[in-house]
Amino acid sequence: MAAALATCDMPTVIEGVRTARGWSQSELAQALTYSQSWVSRVVNGQQTLTVSQVQDLAQRLHVPLHLLRFGGAVSGTATAAGAASTREGVKTTRRRDFGKAVAAGTFMATASRQAAEAGAYHGVDETTAPALRSITGGQRRMDANSPARHLLPSAVAHVQLAEQMLGNARGTPFHTELSASASEASGFAAWLNADLGDMGSARMHYRTAVVRARQAGMRLLDVYMLGSLAAFEIDVAEDPELGLGLVKEAEHVLGPSAHPTARAWLACIGALAHAGIGDRVAAARAIRHAEREIARPDNAEPPWPWVFAFDEAKVAGYRALVGVRLRSPHEARAAFAEAVAPSPRNVKQSALLKVELASTHAEAGDIDEAFRLAQEALTTGVRFDSERVVGRVRSFRKRYRGPRAHCVEDLDNRLSSLVTGLPVSG
C-alpha cells in the first residue's frame, strides 16, 4: 500500500481498502457512489482517471491526499490508472500533460478553498452568482479549441467552489441565484467528462445540474439541464429510449406557454430520440413542431440559458441528423445544405458534423468523400484528445458495410494504431 500511495497507483489503493474493510466490489462502488462497472474498470487498470477523480476517490475512501505522490518521476501513472501503465511505459508527452493538469488542479483547488473561506468569513453578496457564472462562461468559450482534459481540473474545482458558495448562502436572498450558478458549473463539467468518455462522471454532474436547477426554481434552467442530459443519453450514450423519457419529463416541466426557443429545442432533441428508435413518423412530427415554434413572432430573442437564437438553420441541422439516423441520405444531405455549419473556431463541433456528413455520403455511395471526412474528424479528435469525436468515428466505421476500398483500409489502420499505440505501416 505504501508503494501504491507513493506512485499514485489508485487501482491498488482502492482494492487494498476494499479488502481491508471486507467489502464486495458492489459495496465498494456504493461507498464511492460510482457504478460497479466503472469501479471494476478502475481496479482492472482499464479506466483512465483524471486528477479530480483521484482526489474525489481518495476523499471518499478517507485516504489523506498528502499521502498520494502526484509529483516526481512517476507522476504520469495516474493518467493511465496507476502502476499498470508504468510497466507498459507512459509517453513523455502524457507525463508532461498530467503534470500540467496536476499543477492546474492543485492551484484551482487552493484558490477555491481560499475563496470559500473568504465567503465563509465575509458572506456572499449580489456579485457572487454573476462572478461564478462569468467563470463558467469563460470556460465554455475555451472549450471550443482546448482539450477537455486540460479544462477539467479547473472546471471541477469551479464546481466545488460554486457548491461551497451555495452552502454559505443558505438562509440568504442569494441562494436561488447561486443554485443556478452551481447548476451551470456542473452542466459544463458534465460536458467535459462526456468529451473524455467518462460516462459515469458525466451523468453524476448532469444529475447535480438538474437538482440545482430545481432548487433554484428556474423552470427554463431545469428544462435546459434535463434536455442536455437527454441529448447526452441519446447522442453520446446511444440510449434513445432513456433520452426520450427525459425529453418527456422536460416537456412536462416546461408546460405549454414557455418560450418558443425552449419548445423548439426540446422538440428537436425528441426528434433525435424518435429517430434513434426508428420511429420515422414521430421524428418527423417533432421536427414539424419545432419549425412551427421558430416561426412564431415572439421567438426573436433567445431566453437564458440559451445564448444563440434557435432558428430555421438550427432546425435544419437537427433534421439532417434525424435523416442520418433514419438512413435517409438524400434528405439528410439536403437538410445539411440548409443548415449553417458551426463556426470554424469550434473545431470539435465541426469534427462531429463531419462524421455526420460522412455517414450521409457513405449511405449515398460516395465512399471516398465519406472516408475523407471521417479522416479529418479523426485527426481533430486525436489532436484534442476527444473521445467523443474519436468514438463517433469508430461508430461510423462500425456501421459501414460497403466495399473494402483503400480509403477504408487507411481509416482502419489509423483506428488500429490508436488502440495498439503502433505507427501506421506503409
Can you give me every donor-acceptor pair (side chain of residues 301-309, partner residue at least two apart or in another chain, under 3.5 Å) with its distance?
none

Distance-only criterion, 3.5 Å: show the donor-acceptor pairs between side-chain atoms of residues 387-394 and protein atoms not counting sequence neighbours.
| residue | atom | partner | partner atom | Å |
| --- | --- | --- | --- | --- |
| Glu387 | OE2 | Arg394 | NH1 | 3.0 |
| Arg388 | NH2 | Trp191 | O | 3.1 |
| Arg392 | NH1 | Glu356 | OE2 | 3.3 |
| Arg392 | NH2 | Asp235 | OD2 | 3.2 |

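Shown here for Pro329 and Ala364, the closest heavy-atom pair between the two residues is CB-N, 3.9 Å. Annotation for His158 and Ala185: closest pair CD2-CB, 3.8 Å, computed over non-hydrogen atoms. For Thr261 against Phe310, the heavy-atom pair with the smallest separation is CG2-CB, 3.9 Å. For the residue pair Ala267 and His289, the shortest heavy atom distance occurs at CB-CD2, 3.6 Å. Heavy-atom minimum distance, Ala129 versus Ser181: O-OG, 3.2 Å. For the residue pair Ala275 and Ala283, the shortest heavy atom distance occurs at N-CB, 4.0 Å.
A heavy-atom distance below 4.5 Å is found between the side chains of Leu166 and Ser179. The side-chain heavy atoms of Ser395 and Glu238, taken from C-beta on, include a pair separated by under 4.5 Å. For the pair Val17/Leu28, no side-chain contact is recorded, criterion being any heavy-atom separation below 4.5 Å from C-beta on. Between Val211 and Tyr206, every side-chain heavy-atom pair lies at or beyond the 4.5 Å cut-off. Residues Val355 and Leu373 fail the side-chain proximity criterion, which asks for heavy atoms closer than 4.5 Å. Annotation: side chain of Pro260 is not in contact with side chain of Ile294 (no heavy-atom distance under 4.5 Å). Annotation: side chain of Glu293 is not in contact with side chain of Asn299 (no heavy-atom distance under 4.5 Å). With a 4.5 Å cut-off on side-chain heavy atoms, Glu312 and Glu338 do not count as touching.
Partners of Arg212 according to the salt bridge (charged side-chain N to carboxylate O under 4.0 Å, His left out) rule, which considers only residues two or more places apart in sequence or in another chain, are Glu163. Taking Arg372 as the reference, Glu369, Glu376 meet the salt bridge (charged side-chain N to carboxylate O under 4.0 Å, His left out) condition, with sequence neighbours excluded.
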Criterion side chain to side chain contact (heavy atoms under 4.5 Å, CB included) on Leu242 and Phe232, from CA distance to verdict: CA-CA 10 Å; Leu242 176 57; Phe232 163 79; over 6 Å; no
Side chain to side chain contact (heavy atoms under 4.5 Å, CB included) between Leu418 and Leu378, intermediate numbers included: CA-CA 10 Å; Leu418 294 179; Leu378 183 59; 3.8 Å; yes
Side chain to side chain contact (heavy atoms under 4.5 Å, CB included) between Cys407 and Ile367, worked out: CA-CA 8 Å; Cys407 58; Ile367 306 305; 3.7 Å; yes
Salt bridge (charged side-chain N to carboxylate O under 4.0 Å, His left out) between Glu291 and Arg319, worked out: CA-CA 10 Å; Glu291 290 170 339; Arg319 194 187 321 122; 3.0 Å; yes
Derivation and outcome, salt bridge (charged side-chain N to carboxylate O under 4.0 Å, His left out), residues Asp143 and Lys348: CA-CA 9 Å; Asp143 173 59; Lys348 288 187 284 186; 2.9 Å; yes
Derivation of the side chain to side chain contact (heavy atoms under 4.5 Å, CB included) call for Arg325 and Leu272: CA-CA 8 Å; Arg325 282 149 183 75; Leu272 286 181; 4.0 Å; yes
side-chain hydrogen bond (donor to acceptor under 3.5 Å, both in side chains) assessment of Arg280 paired with Ser328: CA-CA 10 Å; Arg280 188 179 296 271; Ser328 302; 2.9 Å; yes
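Atom OG of residue Ser24 and atom CZ of residue Arg18 lie 7.5 Å apart, to the nearest 0.5 angstrom. Atom CD of Glu249 is separated from atom CG of Leu226 by 5.0 Å, given to the nearest 0.5 angstrom. Rounding to the nearest 0.5 Å places OG of Ser386 at 7.5 Å from CG of Leu196. Taken from OG1 in Thr379 to CZ in Arg383, the straight-line distance is 10.0 Å, to the nearest 0.5 Å. Taken from CD1 in Ile277 to CD1 in Ile234, the straight-line distance is 9.5 Å, to the nearest 0.5 Å. Taken from CD in Glu15 to OG1 in Thr19, the straight-line distance is 4.5 Å, to the nearest 0.5 Å.
At distances below 3.5 Å, not a single donor-acceptor pair connects side-chain atoms of Asp410 with backbone N or O atoms of Asn413. No side-chain donor-acceptor contact under 3.5 Å links Ser186 to the backbone of Ser183.
Other residues, nucleotides and ligands place more than 12 heavy atoms under 6.0 Å from the CZ atom of Arg296. For Arg327, the CZ atom is loosely surrounded, since the number of other residues' heavy atoms within 6.0 Å does not exceed 12.
Within the structure, side chain to side chain donor-acceptor pair (under 3.5 Å) pairs that include any residue of residues 219-234 comprise Arg203-Glu233, Arg214-Asp222 (at least two apart or interchain). For residues 360-382, the ring-ring contact (aromatic ring centres under 6.0 Å, His included) pairs, not counting sequence neighbours, are Phe371-Phe396, Phe371-Tyr400.
Checked for salt-bridge contact, Arg404 and Asp412 meet the test: a charged N lies under 4.0 Å from a carboxylate O.
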